[in-house]
Amino acid sequence: MAANKRILICDDDPLLVDLLDYRLTSRGYDVVIARDGGQALACLQETKPDAIVLDAMMPVADGYEVLRRIREDQALAAIPVIMLTARKQERDIVEALELGASDYIVKPFIPEELVARLGRLLATSK
């Protein structure tokens with residue numbers, strides 16, 4: 001199921017990015033990495049991923065701004081987005097969901113749970 005599915009990971013934490021890259025590539029996903037919101041937006045223009053794992057707190061443009069731009073762009077709006085962030089206040093979660101996040105996972109997290117949720121979103125999208 002993961003074959004040929006491209007996942008964009010947007011996070012500025014190198015250890016987390018390495019962990020997700022390893023977990024997802026070992027499952028057959030093609031992983032693209034953006035280390036800040038600006039890179040994420042550029043990657044979205046270069047390649048259309050099948051799903052996005054997006055941190056809320058990043059340099060250049062935060063995850064909420066990136067998510068807002070994704071949902072405003074007709075070519076990108078249908079892409080599933082999982083917010084993966086340390087922000088766990090009710091208002092943060094509600095804001096992300098209102099902006100169109102497909103799912104919301106709070107750090108620290110269980111990597112296999114993220115992989116399972118990602119698989120579920122990919123199976124139900126398109």
Side-chain angles (χ1 to χ4, degrees):
M1 180 173 69
N4 302 322
K5 295 287 186 180
R6 181 172 294 136
I7 309 301
L8 175 60
I9 299 172
C10 310
D11 202 301
D12 60 336
D13 179 342
L15 292 175
L16 178 89
V17 169
D18 288 348
L19 169 70
L20 290 178
D21 187 21
Y22 173 77
R23 293 283 179 130
L24 294 172
T25 55
S26 70
R27 296 288 176 89
Y29 291 105
D30 178 21
V31 175
V32 179
I33 295 166
R35 306 248 181 220
D36 64 49
Q39 282 183 5
L41 293 168
C43 284
L44 286 165
Q45 297 309 315
E46 294 166 17
T47 178
K48 187 177 172 188
D50 295 292
I52 302 164
V53 177
L54 181 62
D55 186 18
M57 297 179 290
M58 295 183 297
V60 183
D62 71 15
Y64 296 99
E65 176 64 18
V66 173
L67 179 59
R68 186 183 63 73
R69 291 195 193 180
I70 290 167
R71 294 302 182 234
E72 287 176 350
D73 186 328
Q74 223 169 5
L76 306 173
I79 299 172
V81 177
I82 296 178
M83 294 294 292
L84 177 64
T85 179
R87 297 180 94 171
K88 59 186 177 189
Q89 298 295 318
E90 179 181 349
R91 69 178 176 271
D92 298 320
I93 297 166
V94 170
E95 180 181 0
L97 294 172
E98 286 177 346
L99 284 170
S102 309
D103 206 343
Y104 196 99
I105 300 175
V106 176
K107 297 175 188 175
F109 68 105
I110 302 165
E112 286 304 308
E113 178 186 357
L114 180 123
V115 172
R117 288 179 185 231
L118 188 59
R120 178 183 54 81
L121 283 172
L122 289 167
T124 59
S125 69
K126 297 182 186 177

Legend entry - Full working for side chain to side chain contact (heavy atoms under 4.5 Å, CB included) between L24 and I9: CA-CA 10 Å; L24 294 172; I9 299 172; 3.9 Å; yes
More than 12 heavy atoms of other residues, nucleotides or ligands under 6.0 Å from [atom1] of [X]: is that the case?
{"X": "E113", "atom1": "CD", "result": "yes"}
{"X": "Q74", "atom1": "CD", "result": "no"}
{"X": "Y22", "atom1": "OH", "result": "no"}

Decide whether [X] and [Y] are clustered together by the hydrophobic rule: side chain heavy atoms of Ile, Leu, Val, Met, Phe, Trp, Tyr closer than 4.5 Å, transitively.
{"X": "V66", "Y": "I93", "value": "yes"}
{"X": "L114", "Y": "I33", "value": "yes"}
{"X": "V17", "Y": "I105", "value": "yes"}
{"X": "L118", "Y": "L19", "value": "yes"}
{"X": "V31", "Y": "L121", "value": "yes"}

Legend entry - Distance (rounded to the nearest 0.5 Å) between L67 CG and L76 CG: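 Answer for the CG-CG pair, L67 versus L76, is 11.5 Å.
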Legend entry - Gap between atom OH of Y29 and atom CG of D21 - 0.5 Å precision: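 It is 13.5 Å, given to the nearest 0.5 Å.
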Treating [X] as the side-chain partner and [Y] as the backbone partner, does any N or O pair qualify as donor plus acceptor under 3.5 Å?
{"X": "T47", "Y": "C43", "answer": "no"}
{"X": "D50", "Y": "R6", "answer": "yes"}
{"X": "R35", "Y": "D12", "answer": "no"}
{"X": "S102", "Y": "V81", "answer": "yes"}
{"X": "D55", "Y": "M58", "answer": "no"}
{"X": "R87", "Y": "D92", "answer": "no"}
{"X": "E65", "Y": "A61", "answer": "no"}
{"X": "Y104", "Y": "V94", "answer": "no"}

With the side chain counted from C-beta on, respond yes when [X] and [Y] share a heavy-atom pair under 4.5 Å apart, and no when they do not.
{"X": "D11", "Y": "K107", "result": "yes"}
{"X": "L99", "Y": "R71", "result": "no"}
{"X": "L44", "Y": "I52", "result": "yes"}

Inset, instruction - Output, in order, the C-alpha distance, side-chain angles, deciding distance and verdict of side chain to side chain contact (heavy atoms under 4.5 Å, CB included) for E46 and V32. - result: CA-CA 11 Å; E46 294 166 17; V32 179; over 6 Å; no
Inset, instruction - Identify whether the distance between the nearest side-chain nitrogen and carboxylate oxygen of R120 and D103 falls below 4.0 Å. - result: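 Result for this pair is yes, salt bridge flagged.
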Inset, instruction - State whether R91 and E95 are salt-bridged, where the test is any N-O pair (Lys NZ or Arg NE/NH1/NH2 against Asp/Glu carboxylate O) under 4.0 Å. - result: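 Salt bridge absent between R91 and E95.
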Inset, instruction - Could you please spell out the steps behind the side chain to side chain contact (heavy atoms under 4.5 Å, CB included) verdict for L20 and L84? - result: CA-CA 11 Å; L20 290 178; L84 177 64; 3.9 Å; yes
Legend entry - Candidate pair L122 and I7, rule side chain to side chain contact (heavy atoms under 4.5 Å, CB included), full reasoning: CA-CA 10 Å; L122 289 167; I7 309 301; 3.9 Å; yes
Inset, instruction - Determine the minimum heavy-atom distance between P49 and I79, stating which atoms define it. - result: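 P49 and I79 have their closest heavy atoms at O-CD1, 3.5 Å.
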Legend entry - Distance-minimising heavy-atom pair for M83 and G63: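 Shortest heavy-atom contact: CE-C, 4.3 Å.
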